[in-house]
Number of protein chains: 2
Amino acid sequence: METITIKDIAKLCGVGVSTVSRAMNNHPDINEETKQKIMEVIKDYHYVPNNSARNLKRADAKAIAVLIKGITNPFFSKMIKIFEQEIQEKKYTFVLQHVDDHQDEVDVAIRLEKEKRLNGIVFLGGHFSHSREKLEQIPVPFVLSTIGLRDQSGSEKYSSVYVDDVKESAKMVSYLIEQGHRKIAIIASGEDDESIGRLRLEGYRRALEEHGIEYDESYVARMKDDVDSYSMENGYAVTKELLESGKDFTAIFAISDSIAIGCCKAIFDAGKSVPENYSVAGFDGLEMAAYYHPSVTTIKQPVEEMAEATIKMLFDVILNGAREQQRVFDGELIEGKSVKRIV
Amino acid sequence: METITIKDIAKLCGVGVSTVSRAMNNHPDINEETKQKIMEVIKDYHYVPNNSARNLKRADAKAIAVLIKGITNPFFSKMIKIFEQEIQEKKYTFVLQHVDDHQDEVDVAIRLEKEKRLNGIVFLGGHFSHSREKLEQIPVPFVLSTIGLRDQSGSEKYSSVYVDDVKESAKMVSYLIEQGHRKIAIIASGEDDESIGRLRLEGYRRALEEHGIEYDESYVARMKDDVDSYSMENGYAVTKELLESGKDFTAIFAISDSIAIGCCKAIFDAGKSVPENYSVAGFDGLEMAAYYHPSVTTIKQPVEEMAEATIKMLFDVILNGAREQQRVFDGELIEGKSVKRIV
DNA sequence: TTGTACGCGTTATCAC
DNA sequence: GTGATAACGCGTACAA
């Protein structure tokens with residue numbers, strides 16, 4: 001399979017390379033007849049232009065990349081679909097780039113921009129605690145989407161779209177309290193977590209405080225290090241331990257729906273019931289939460305609107321040179337059947 | 001942000017470009033001292049080599065691409081992780097490429113190979129009914145992984161890894177029959193489906209036949225066209241209609257776990273229970289099936305082994321010039337609590 | 001309207 | 001050990 005290049009096509013057609021190039025790229029100044037002929041030869045010989053060479057030459061690829069950290073996260077699936085849709089609607093190419101757990105998303109972004117001549121970037125997931133200096137190395141506009149911002153200060157430097165994890169988390173815990181719960185356990189992330197996990201724990205703490213309930217460390221169960229974080233498996237393992245510890249509580253707030261589901265399962269497997277014996281609440285608003293039996297009470301993040309807003313903001317900067325901005329969305333508390341009102 | 005190139009670095013260091021190139025690519029013939037210095041300048045100036053230019057020049061990028069059709073599918077998540085792991089272990093670069101629903105995966109593969117100088121390709125998902133001629137245009141070894149092969153004939157032309165959907169599906173339906181069920185509804189794919197959906201329906205049919213039960217069209221419920229296929233939502237909608245139709249049946253075989261879960265939910269919402277009123281069985285062995293309440297009886301595809309076999313086969317062809325081969329894996333019937341034995 | 005020649009940033013092949 | 005220089009495949013001024 002010797003690689004066939006634009007030169008070969010030109011020779012085959014008895015024309016110059018520039019004519020072939022013009023034919024492929026829909027340039028105006030070309031004879032319709034020769035163009036037809038060229039296109040035919042291209043088809044016949046299955047010629048495919050080399051993208052690397054193109055990117056090397058082109059100033060602007062009209063492409064937007066979405067960098068996603070943690071492809072396993074079902075929460076992102078819907079967002080990606082909308083990103084794709086919106087980007088293609090604007091006649092831009094959609095590039096989806098997966099980032100390993102141990103890779104630095106900004107490094108990947110910089111490399112990719114060089115390689116593909118991107119016009120903009122969306123970061124999805126990750127904690128994103130990068131220095132301003134590093135961020136400034138990204139030569140194109142970008143938006144942080146649903147990323148747990150540890151530090152709001154200095155955030156005017158970049159655009160972002162997110163829900164206020166502290167507030168929403170507090171909303172859920174307040175709801176549990178209003179349903180009569182006082183002894184509320186939480187399944188939180190590890191001690192050293194700097195991402196959304198910490199923020200959601202902070203919300204839990206704040207809600208308790210507001211309602212005059214003392215914060216008690218022993219109600220805080222941490223996810224296992226040796227199991228996928230935010231997974232059902234992790235939720236199951238932690239809950240199992242919690243139940244076996246004999247600790248007394250009436251409700252569990254899991255900081256994600258996946259955890260909540262693992263949590264429910266552990267309760268069922270222990271011969272207990274949700275919500276009769278224990279109430280369970282989640283976070284995220286995954287489809288799964290609604291389909292679970294019982295359906296899981298959760299905070300639904302408005303993924304559609306958030307994804308749309310992300311793209312809109314990005315293009316605002318790209319096309320209109322708008323300033324960076326932050327948009328905070330409200331989560332919606334969806335009452336399922338997993339929380340019982342107690343007296 | 002003027003782009004900084006290898007030339008700039010060379011000038012800055014007072015050396016030639018080739019020396020810089022050698023420093024970056026760990027070439028042996030280079031003075032350790034100058035190398036150190038060059039690397040430092042690279043760091044300081046945040047120089048990042050342009051991948052397009054690299055790919056243009058390099059003969060071989062030592063890269064394997066995984067093309068995935070339908071990123072939403074949770075079934076693929078685990079496989080991808082293993083692919084990544086195995087590929088990196090072989091010191092190859094892992095490239096994950098998403099393929100739109102309306103894109104042709106082979107076209108994407110050909111383009112990507114040209115662009116990135118791939119050494120091999122894994123196709124994940126899709127139905128893959130391509131002509132031999134088209135397949136021959138792929139200039140590097142490739143493996144079809146968990147792809148519903150419509151037509152086993154002529155498949156010696158390419159490597160593949162899959163479970164026998166017909167057989168496994170029949171296994172599940174036979175199991176239901178052995179549990180005493182006779183009136184078994186199935187939630188199948190659309191009439192025009194040529195992918196795994198058709199195969200699984202075929203298995204259903206075959207199992208009935210083997211047990212002397214007449215195949216009855218009216219027990220075949222088709223997924224909705226206007227809803228995501230293989231989704232919980234689809235399973236819910238179809239089951240709801242089925243229940244409202246008043247059709248008499250004791251078990252439902254959903255051709256995927258997601259559908260099965262939507263199915264369960266519809267039954268619960270109708271005030272009925274699983275498995276007391278209706279037994280439900282799924283297919284795939286998703287994590288979710290195990291965590292559902294009741295846990296869903298399903299056919300578990302051995303994803304880990306399949307993913308490992310995929311990579312092994314691919315490298316066998318790449319490194320040892322082995323012939324194409326097909327490997328069929330057995331699914332495992334996992335008994336959950338969603339199927340009741342009846343008399 | 002079409003063809004020629006150069007440059008994009010990098011690596012590999014030479015000489016030195 | 002190091003430095004010119006020729007590719008790699010394509011797009012595009014510029015000339016024709």
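Letters A, B, ... mirror the listed sequences (proteins, then strands); counts begin at 1.
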Worksheet, complete the sentence: Under a 4.0 Å heavy-atom criterion, DNA chain D is touched by chain B from D/dG1 to D/dG9

Worksheet item: With sequence neighbours excluded, what pairs up with A/K69 under the salt bridge (charged side-chain N to carboxylate O under 4.0 Å, His left out) test?
Response: A/E105

Discussion item. Closer than 4.0 angstrom, basic N to acidic O: yes or no for A/K116 and B/E115?
Written reply: yes

Worksheet item: For A/T5, does its backbone N or O pair with a side-chain atom of A/D8 as donor and acceptor, under 3.5 Å?
Response: yes

Worksheet entry | Qualifying residues under salt bridge (charged side-chain N to carboxylate O under 4.0 Å, His left out), relative to A/K134, sequence neighbours excluded | A/D104, A/D107

Discussion item. Less than 6.0 angstrom separating the ring centers of A/F123 and A/F142, yes or no?
Written reply: yes

Discussion item. Can you pull out every salt bridge (Lys or Arg N to Asp or Glu O under 4.0 Å) where at least one residue sits in residues 70-88 of chain B? Sequence neighbours excluded, please.
Written reply: A/D228-B/K81

Response to the item:
Residue set satisfying salt bridge (charged side-chain N to carboxylate O under 4.0 Å, His left out) with A/K114, at least two apart, ordered chain then number -> none

Discussion item. Base contacts versus sugar-phosphate-only contacts with protein, heavy atoms under 4.0 Å: please encode nucleotides 4-12 of chain C as B, S and - from 5' to 3'.
Written reply: BB-BBBBBB

